[in-house]
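Working notes for the structure below.
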Amino acid sequence: MQRNFWVKVGVGGLLVIGVSWLFLRTIQNTIAEPYSVDAAALTEWTLHIPETRAPGPALITLVPSRRLVPQLFQQVFHRTMQSLTTPVQPGMPVVLQSEFVTSLQDVFVPAEILVIAQAAGLEDAQFEPICMAVKREPSGGSTRQLFFVLFEASVFKDFRQELTKRYREAGGVVPFDPAALELVLPIAASDTNFTDWWPLAVDREVDCRAPII
């Protein structure tokens, strides 16, 4: 009798583990399917200096078309069926607040950096979406998540190099690394604290989950 009880417990445990594994496997496979996006929405970018009282990691952002983030957010939500939030002010950081505070403010004011970014052609650039990526980290007994699109554009690298050059020529001495920032557009997160993810170290082999088409 006792043996039958433990057999049932063992079988039940295996069923629970098996169902959970299949569920997680299904979610992972679904997330890995390509994400679709309106190509025109990838061409409408505007440089913006966020209000100083507004929370956020960026000193200067590239604000996308109003259609872009909602399109991708809906796809993430339908695939995960999780409670997620989207940024109040969507944008792709091109210079971080932390970079300004630790080095760039010795030489520039934000408006001067904005002019350099505009002259570099960031608003007219073609940004290539590399993947939909996911960052996860433990937090208070649960797991925080950030879904974001990783982009590439040679003009962004050129801008950061030009900013570094002008910073040094103007007498800046505190190190500023032009390669320290990746082009990342936050799409969704498990909480509203998007700022806390920056500086964001992107591991393309681990973080990239699905292509963008």
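The model shown is predicted, which means the values in this text are computed figures rather than measured ones. Just so you know, residue 1 is the first one in the sequence shown, and it goes up from there.
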Q.
Can you confirm if the NZ or CZ of R79 lies within 45° of the ring axis of Y35 and under 6.0 Å from the centre of its six-membered ring?
A. yes

Q | Side chain Q71, main chain D38, donor-acceptor under 3.5 Å | A | yes

(Q) Under 3.5 Å, is there a donor on one side chain and an acceptor on the other for Q145 and Q82? (A) yes

Q) Between CD of Q126 and CG of D124, what distance do you get to the nearest 0.5 Å? A) 9.5 Å

(Q) Contact between Q89 and T61 at the side-chain level, heavy atoms closer than 4.5 Å - yes or no? (A) no

Q | Enclosure of R168 CZ (heavy-atom neighbours >12, cutoff 6.0 Å) | A | no

Q: Supply the atom-to-atom distance H48 NE2 to L59 CG, rounded to the nearest 0.5 angstrom.
A: 11.0 Å

Q | Parallel, tilted or perpendicular: ring planes of F151 versus F127, cut at 30 and 60 degrees | A | perpendicular

**Q.** T143 vs S190 side-chain heavy atoms within contact, under 4.5 Å
**A.** no

Q) Can V63 be reached from V155 by stepping across I, L, V, M, F, W or Y side chains whose heavy atoms are under 4.5 Å apart? A) no

**Q.** Over 12 foreign heavy atoms within 6.0 Å of CZ, R204
**A.** yes

Q: Give a yes or no on whether the backbone of S36 and the side-chain of Q75 come within a donor-acceptor separation of less than 3.5 Å.
A: yes

Q. How about W198 and L181: do any of their side-chain heavy atoms sit closer than 4.5 Å?
A. yes

Q | Shortest non-hydrogen contact between P175 and S103, atoms and distance | A | O-CB, 3.9 Å

Q.
Just so I know, are the side chains of W197 and V184 near enough to count as touching, which here means a heavy-atom distance under 4.5 Å?
A. no

Q) What are the two closest non-hydrogen atoms of R144 and D196, and how far apart are they? A) NH1-OD2, 3.6 Å

Q) Could you go step by step and tell me if V134 and D207 meet the side chain to side chain contact (heavy atoms under 4.5 Å, CB included) rule? A) CA-CA 5 Å; V134 184; D207 300 333; over 6 Å; no

(Q) Please determine whether residues I113 and V174 belong to a single hydrophobic cluster, defined as Ile, Leu, Val, Met, Phe, Trp and Tyr linked transitively by side-chain heavy-atom distances below 4.5 Å. (A) yes

Q) Heavy atoms, side chains only, cut-off 4.5 Å: are L104 and L163 in contact? A) yes

Q. Can you tell if the side chain of I212 reaches within under 4.5 Å of the side chain of L42, non-hydrogen atoms only?
A. no

Q: Walk me through it: do V76 and M132 pass the test side chain to side chain contact (heavy atoms under 4.5 Å, CB included)?
A: CA-CA 9 Å; V76 170; M132 176 67 76; 3.8 Å; yes

Q: Take the angle between the ring planes of F156 and F159 and call it parallel below 30°, perpendicular above 60°, tilted in between.
A: tilted

(Q) Are the side chains of L183 and E152 in contact, using a 4.5 Å heavy-atom criterion? (A) no

Q.
Using 0.5 Å steps for rounding, measure from the CD atom of E123 to the OG1 atom of T43.
A. 12.5 Å

(Q) Minimum heavy-atom separation for D177 and E99, please, with both atom names. (A) O-OE2, 4.1 Å

Q. Can you get from L96 to L122 by hopping between Ile, Leu, Val, Met, Phe, Trp and Tyr side chains that sit under 4.5 Å apart?
A. yes

Q | 4.5 Å side-chain heavy-atom contact, T85 and F194 | A | yes

Q. Quick one: does Q105's side chain have a donor or acceptor within less than 3.5 Å of a partner on V101's backbone?
A. yes

**Q.** Exercise: identify the closest heavy-atom pair between V69 and P186
**A.** CG2-O, 4.3 Å

Q.
If we ignore hydrogens and angles and just use 3.5 Å, is the side chain of Y167 paired with the main-chain N or O of F108 as donor and acceptor?
A. no

Q: Compare every heavy atom of A125 with every heavy atom of W45, then report the nearest pair and how far apart it is.
A: CD1-O, 4.5 Å

Q. Any link between F176 and L114 through a network of hydrophobic side chains (Ile, Leu, Val, Met, Phe, Trp, Tyr) touching at under 4.5 Å?
A. yes

**Q.** Separation of L47 CG from I116 CD1 (nearest 0.5 Å)
**A.** 12.0 Å

Q. CG/L185 to CZ/F147 distance, rounded to the nearest 0.5 angstrom?
A. 14.5 Å

Q. Is the backbone of A201 close enough, under 3.5 Å, to the side chain of K135 for a donor and an acceptor to pair up by distance?
A. yes

Q) Do you know the tightest heavy-atom contact between P129 and V149? A) CB-CG1, 4.1 Å

